Amino acid sequence: MKLPLRAALAGVAAAAVALGLAEIVAVFTGPDSSPLYAVGGVVVDNVPPPVKDFGIAVFGTHDKTALIIGTGVLLALYAALVGFAALRSRLMAYLGIGIFAAIGVTAALTRHDAGLAAALPSLVAGVAAGLALHILVPIARRSAETGSEANFDARRRFLVGLGSAAGVALAGGFGGRFLTNSRAVTAARDAVVLPQPSGPAPVVPPGAQAPGATAYVTPNREFYRIDTALYPPQIDPATWQLRIHGMVRNPITLTWAQLLERPMVQRYVTLACVSNEVGGDLIGNALWLGTSLKDLLDEADPLPGADQAVARSRDGWTCGSPTELLRDGRDALLAIGMNGQPLPVEHGFPARLVVPGLYGYVSACKWITEIELTRFADFDAYWVPRGWSAQGPIKTESRIDTPREGASRPAGEIVVAGVAWAQHRGISRVEVQVDDQPWAAATLAPAMSDDTWVQWSYQWAGTAGDHRLRVRATDKTGQVQTEQEAPPAPDGATGWHTVSLSVG
Ligand SMILES: Nc1nc2c(c(=O)[nH]1)N[C@H]1C(S)=C(S)[C@@H](COP(=O)(O)O)O[C@H]1N2
Ligand SMILES: [Mo]
């Protein structure tokens, strides 16, 4: 192996050691301070919207893993260059490492609520990378010398050097992650005993499940997850507080114990993501346990003109909902339970907002710590400067769940089924169209309320041949789902979900 390649390998090994040790330090300074996660977080907050949409479209809910791996690959390339540079000039190599550490430090310090300690993992990483390179490059040099007696020995030393680096890196990386996960709030969450709701739990009517359609109630493990958090904030309820402040007459601070004493209700509410494509699955229905957000806001007593309630999460993410809408009597909840469990950590433990009728990005703040009353004219929440609309009412939509695109079926009775939603307005009608035939009414299953999706089904006498099925819903305001196709940005995709299949 040629010397430049050996030097590049030494560089990569040095970076691996650095990142491994940084993960160990980050066990104590918090997952967001690890250079990989801090830099990843900055990338998440700053990628242009099309790239973010591409990430979600291609990697789905694995877009975060893809980002971390992508960051790792870029870093490895950079480290290889630094190793290579070390052959010509030590100074240049150390400068390269300095830049790498500075990027990590800056990223970590600029994360929401970061203390000075957040700089530590990247600083340690920088020093470790420098030392590792200092040791490895001379070994690499000697091992590449030919014709020397000790050459065999030198090669062995180089391999041992690389092996040790890999060992430190893996032990640090996996050990650090393991320790971080073991410090997670799992135990605190397991210890939570959810309070009893004041009223009886709503009962799902027997016919709510249409055969062939997605489950009416989405199990927690299958519920879609969308957020900007590379590592979900770990919040111990014992230290959690919600502050309601800004343009209010009575600022409120609510502790976990105080929250548990408030009246609780249980409501089925279907949550939907504005990024959902027509026919997509970024939507789910759950039984939420929570306390009335309207009552909390009434107590805080917003000043006239405070038309926007900005919810802020522990990691600094924000969303803004119309104050009036939160107080119009709908079941806007400060939720702590999801399908009978404390909120899963990925879904906002210990507390989040759930607002029927609004897309998640303008309402469903997870890991909530603050609600600030302000004006739409005075504050843009997280997604607004990134090209999304400040107002995000859920659009009337429907989806075919069976048959699937490209399916083939024997001729005869074919069940066409799916879901339709127009949260808080409710669905009044769903129609199916086969090829260019007239629209035919589907059968609506009973729904819990206008705040959830509705399942529909249609018995179709399928004839041999290739066919196209389309669906459209009408909400209870009389609005028919538009055929006009629109992408998710800036305020939700539209169009009719279409499925092609062959029969016979
Ligand atoms: N703190 C925080 N809350 C958040 C988000 C986020 O990025 N951070 N994303 C929102 C978006 S875009 C959606 S669609 C919903 C998704 O909630 P879920 O992950 O529980 O399904 O959460 C909302 N709440
Ligand atoms: Mo979303």
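In listed order, ligands and their atoms are each counted from 1. Given the structure is predicted, the values throughout are model-derived calculations rather than measurements.
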Exercise for review: Inspect the contact between D32 and R111 and indicate whether a charged nitrogen and a carboxylate oxygen are less than 4.0 angstrom apart.
Suggested key: no
Practice item. Give a yes or no on whether the backbone of A445 and the side-chain of Q455 come within a donor-acceptor separation of less than 3.5 Å. Key: no
**Study point:** Pairs involving residues 485-497, ordered by first then second residue, that meet salt bridge (charged side-chain N to carboxylate O under 4.0 Å, His left out) (sequence neighbours left out)
**Key:** K395-D491
Review point. Who passes side chain to side chain contact (heavy atoms under 4.5 Å, CB included) against R399, sequence neighbours left out?
Key: T214, D281, I283, D401, V419, W421, W453, H497
Point to revise | Per-ligand residue contacts, ligand 1, heavy-atom threshold under 4.0 Å | key: F223, Y224, R225, I226, D227, T228, L271, C273, S313, W317, H347, R352, G360, Y361, A364, C365, K366, W367
Exercise for review: Can you sort out the partners of R177 under side-chain hydrogen bond (donor to acceptor under 3.5 Å, both in side chains), two or more places apart, ordered by chain and number?
Suggested key: E23, Y37
Practice item. Report yes if the distance between the aromatic ring centroids of W240 and W367 is under 6.0 Å, otherwise no. Key: no
